[in-house]
> 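Quick one: this structure, given as structure tokens, is what I'll be asking you about.
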Amino acid sequence: MGNSVNNETAAHPLSNTESELFNYQAMLLRLGALAGEPGSYTVSASAKPLFQALHRVLAGGEVRVEVVEPGIDAMYERLEHEFENFMRIFNASLEQDQPLLFLP
């Protein structure tokens with residue numbers, strides 16, 4: 001959606017695990033989950049209601065999500081696969097006591 005991803009892997013080589021996580025993040029950016037330019041990204045208007053709904057759930061609320069247009073099935077399946085992969089890698093990093101994300 002017009003967003004470009006600044007890939008500095010030549011200057012900072014990534015491990016396979018980091019690369020897989022970077023690819024998922026880059027995919028979300030490329031598909032429009034974020035809007036803006038590097039350093040000033042915001043959640044896109046189309047994704048913001050989903051984050052707001054998540055925040056309501058985390059605050060103890062209940063929400064409903066309605067899919068109005070299912071989009072491209074192959075892309076949906078790829079995103080689902082990438083998210084499952086992200087969670088697998090994240091959990092494995094915790095099991096090895098080397099979390100990839102900061103946890104309090």
Side-chain angles (χ1 to χ4, degrees):
M1 298 246 171
N3 294 330
S4 64
V5 176
N6 184 8
N7 185 348
E8 298 178 353
T9 57
H12 304 286
L14 299 174
S15 71
N16 286 340
T17 298
E18 291 169 327
S19 179
E20 289 182 57
L21 295 177
F22 175 80
N23 288 340
Y24 178 63
Q25 293 169 347
M27 193 172 165
L28 293 178
L29 179 61
R30 197 171 49 252
L31 293 172
L34 300 178
E37 297 297 324
S40 62
Y41 285 121
T42 59
V43 175
S44 70
S46 60
K48 188 166 184 162
L50 296 172
F51 282 95
Q52 291 170 325
L54 174 62
H55 296 159
R56 289 290 179 187
V57 169
L58 296 174
E62 184 177 327
V63 300
R64 287 190 195 109
V65 176
E66 177 185 359
V67 176
V68 178
E69 173 61 44
I72 301 167
D73 287 338
M75 182 58 68
Y76 171 81
E77 294 299 328
R78 181 171 176 204
L79 287 162
E80 284 288 299
H81 171 78
E82 292 295 336
F83 181 72
E84 290 171 6
N85 193 42
F86 172 86
M87 292 305 299
R88 180 187 55 76
I89 291 168
F90 175 67
N91 284 318
S93 77
L94 293 175
E95 289 174 359
Q96 296 170 11
D97 201 26
Q98 297 176 346
L100 295 171
L101 302 174
F102 173 76
L103 293 177

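Not measured: the values here are computed from a predicted model.
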> Group every Ile, Leu, Val, Met, Phe, Trp and Tyr by side-chain heavy-atom contacts under 4.5 Å, then state whether L54 and L50 land in the same group.
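No; L50 is not reachable from L54 via cluster members.
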
> If hydrophobic clusters are built from ILVMFWY residues whose side chains come within less than 4.5 Å, do L31 and L28 share one?
yes

> Report the distance from atom OH of Y24 to atom CG of L29, rounding to the nearest 0.5 Å.
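Here the interatomic distance stands at 12.5 Å.
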
> Side chain of N85, backbone of H81: donor and acceptor closer than 3.5 Å?
no

> If I take atom CZ from residue R78 and atom CG from residue D73, how far apart are they, to the nearest 0.5 angstrom?
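The CG atom of D73 is 15.0 Å from CZ of R78, to the nearest 0.5 Å.
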
> Using the ring of each side chain (for Trp, its six-membered ring), is F90 parallel, tilted or perpendicular to F86, with breaks at 30° and 60°?
parallel

> Is there a path of hydrophobic side-chain contacts, each under 4.5 Å between heavy atoms of I, L, V, M, F, W or Y residues, that connects I89 with M87?
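Yes; tracing contacts between hydrophobic side chains, which count when under 4.5 Å, links both residues.
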
> Distance from T42 atom OG1 to K48 atom NZ, nearest 0.5 Å?
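It comes to 8.0 Å.
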
> Between G32 and S44, what is the shortest heavy-atom contact and its length?
O-OG, 2.8 Å

> Do other residues, nucleotides or ligands put more than 12 heavy atoms under 6.0 Å from the CG atom of L58?
yes

> Check for me, please, whether L79 and I72 land in the same ILVMFWY cluster - side-chain distances under 4.5 Å, paths through other members count.
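Yes, L79 and I72 fall within the same hydrophobic cluster.
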
> Find out if a path of hydrophobic residues (ILVMFWY) with successive side-chain heavy-atom gaps under 4.5 Å connects F83 to M27.
yes

> How close do A47 and A33 get, heavy atom to heavy atom, and via which atoms?
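It is CB-O, 3.9 Å.
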
